[in-house]
Amino acid sequence: MCKIYTAYTISKAILYILVNMPKMKVPSAVKLARYQPNTTRKQSKKGQNATNDISAEAIVTMLKDTYQKNKNDTYARWIKKYMREQFEFYGLKSPQRRSLSSEELTISAKFDQAATIKLLELLWREDYRDMQMFGVDLATENKRVLAGNTASQSLKGLMCIRNLIITKSWWDTVDMLASGVVGHLVSQYPDKLNCTMDEWILDSNMWIRRTAILHQLGYKKQTNQEQLFRYCLTCCHEKEFFIQKAIGWALRTYYRDNPAAVKDFCKKNKDKLATLSYKEALKHDK
């Protein structure tokens, strides 16, 4: 009876494994071997295998295959229309996309600056917007890597992000790169990189000017008030919606930490600020 029960238990366990095998998560090293069979391996100090030399191209291929297998045509059509038919989409909502590509992000988060920049450039060459959104997550995750250890390295990272901003430009990528990445890079070496922001606020590309206005969104009490107000006045004459909105957004955010200064600035410059900018800036003023 005991032997029969044991055999039954083992059979049941095997059946469970077979049924649930498609749902099991494939280890990163095994998953990568499918896309990069020549990946080199080395023994760690603990005797465990560690995957090295993972290429940016392999990450891109993995992402494309994963996203394609989980494509949602219905949502893809809706989001494409919402984004004014500018990009193709796999139809993955952000939580699902991040879950599906969590291993790829974990792997690429270990890249050095050169590899990170290469991967970002490859992602921006892809037609599907989901690939650029993964790139935004990567740039945010690797912002310290992009900053490097010197002002010149940080400037190199900043120039990489600039190229991403002016390529396939739209608010979904630009705004997250502005506040989540550019702001961090500048904050590491403000004496060296604020002059770059002074150049960006005068740039002919609207998205670069918007980025200069928005890059301090996460600074809070560390906001350079003089710079913020100067940038707002530099662009306040523009009719461009995304510039007017950016001015209002930046001022409204700073209002949380210094309402008196923002109210005073808006009051003194009401005749210069666009109505949209003024209303947005004082949206929470009572």
Side-chain angles (χ1 to χ4, degrees), residues 79 82-84 86 93-95 98 133 136-137 139-141 143 147 158 161-162 164-166 169-191 193-286:
I79 192 64
Y82 176 75
M83 298 297 279
R84 301 186 182 182
Q86 297 182 91
K93 295 183 179 180
S94 294
R98 289 186 173 120
M133 296 313 296
V136 170
D137 289 344
T140 304
E141 182 74 18
K143 61 186 177 184
L158 190 60
I161 299 303
R162 186 187 193 283
L164 305 185
I165 290 171
I166 64 176
S169 310
W170 199 237
W171 58 265
D172 57 336
T173 55
V174 172
D175 293 356
M176 294 177 72
L177 290 173
S179 59
V181 185
V182 173
H184 174 77
L185 297 178
V186 174
S187 71
Q188 299 307 292
Y189 303 96
D191 294 340
L193 299 186
N194 269 328
C195 60
T196 302
M197 292 297 98
D198 287 346
E199 295 173 1
W200 284 23
I201 197 63
L202 301 174
D203 199 275
S204 60
N205 186 289
M206 179 272 291
W207 296 106
I208 293 296
R209 298 196 302 279
R210 180 176 168 93
T211 298
I213 295 169
L214 297 178
H215 83 276
Q216 294 194 82
L217 283 180
Y219 285 16
K220 298 182 179 180
K221 292 185 181 297
Q222 302 303 315
T223 297
N224 183 330
Q225 179 178 295
E226 183 278 328
Q227 183 187 55
L228 171 62
F229 290 169
R230 175 162 50 88
Y231 285 7
C232 290
L233 290 177
T234 298
C235 298
C236 67
H237 65 283
E238 295 192 38
K239 304 299 182 183
E240 170 59 55
F241 168 82
F242 286 107
I243 292 298
Q244 293 183 3
K245 189 76 172 180
I247 291 172
W249 183 7
L251 291 173
R252 185 178 75 247
T253 300
Y254 185 47
Y255 176 94
R256 298 169 186 165
D257 294 290
N258 197 339
V262 173
K263 286 166 66 175
D264 183 61
F265 173 79
C266 289
K267 187 176 295 184
K268 289 181 178 178
N269 296 283
K270 187 174 183 179
D271 60 327
K272 299 176 182 177
L273 294 171
T275 301
L276 174 60
S277 300
Y278 185 87
K279 288 184 176 179
E280 285 289 320
L282 300 180
K283 186 175 182 177
H284 302 302
D285 186 49
K286 296 180 180 180

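Because the structure is predicted, anything quoted here is derived from the model rather than measured.
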For [X], which residues count as a ring pair (Phe, Tyr, Trp, His ring centres under 6.0 Å) partner, sequence neighbours excluded?
X: W171; result: none
X: W207; result: W170, F242
X: Y189; result: none
X: Y255; result: none

Sorted by first residue and then second, give each salt bridge (charged side-chain N to carboxylate O under 4.0 Å, His left out) pair with at least one member in [range]; sequence neighbours left out.
range: residues 176-191; answer: none
range: residues 232-243; answer: R209-E238
range: residues 246-257; answer: R252-E280

Worksheet item: Can you name the residues that form a salt bridge (charged side-chain N to carboxylate O under 4.0 Å, His left out) with E226, not counting sequence neighbours?
Response: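 Per chain and number, E226 pairs via salt bridge (charged side-chain N to carboxylate O under 4.0 Å, His left out) with R230.
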Fill in: By salt bridge (charged side-chain N to carboxylate O under 4.0 Å, His left out) - contacts of D137 (at least two apart)
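Once residues adjacent in sequence are excluded, the partners of D137 under the salt bridge (charged side-chain N to carboxylate O under 4.0 Å, His left out) criterion are R97, R98.
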Discussion item. Can you list everything that forms a side chain to side chain donor-acceptor pair (under 3.5 Å) with D203? Sequence neighbours excluded, please.
Written reply: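 By the side chain to side chain donor-acceptor pair (under 3.5 Å) rule, D203 matches R162.
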Item to complete: Would you list the pairs meeting side-chain hydrogen bond (donor to acceptor under 3.5 Å, both in side chains) in which at least one residue belongs to residues 267-276, sequence neighbours left out?
Response: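 Pairs touching residues 267-276 that pass the test: D264-K268.
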Discussion item. Enumerate the side-chain hydrogen bond (donor to acceptor under 3.5 Å, both in side chains) contacts for residues 213-223, please, sequence neighbours excluded, ordered by first and then second residue.
Written reply: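 Residue pairs with at least one partner in residues 213-223: Q216-Q227.
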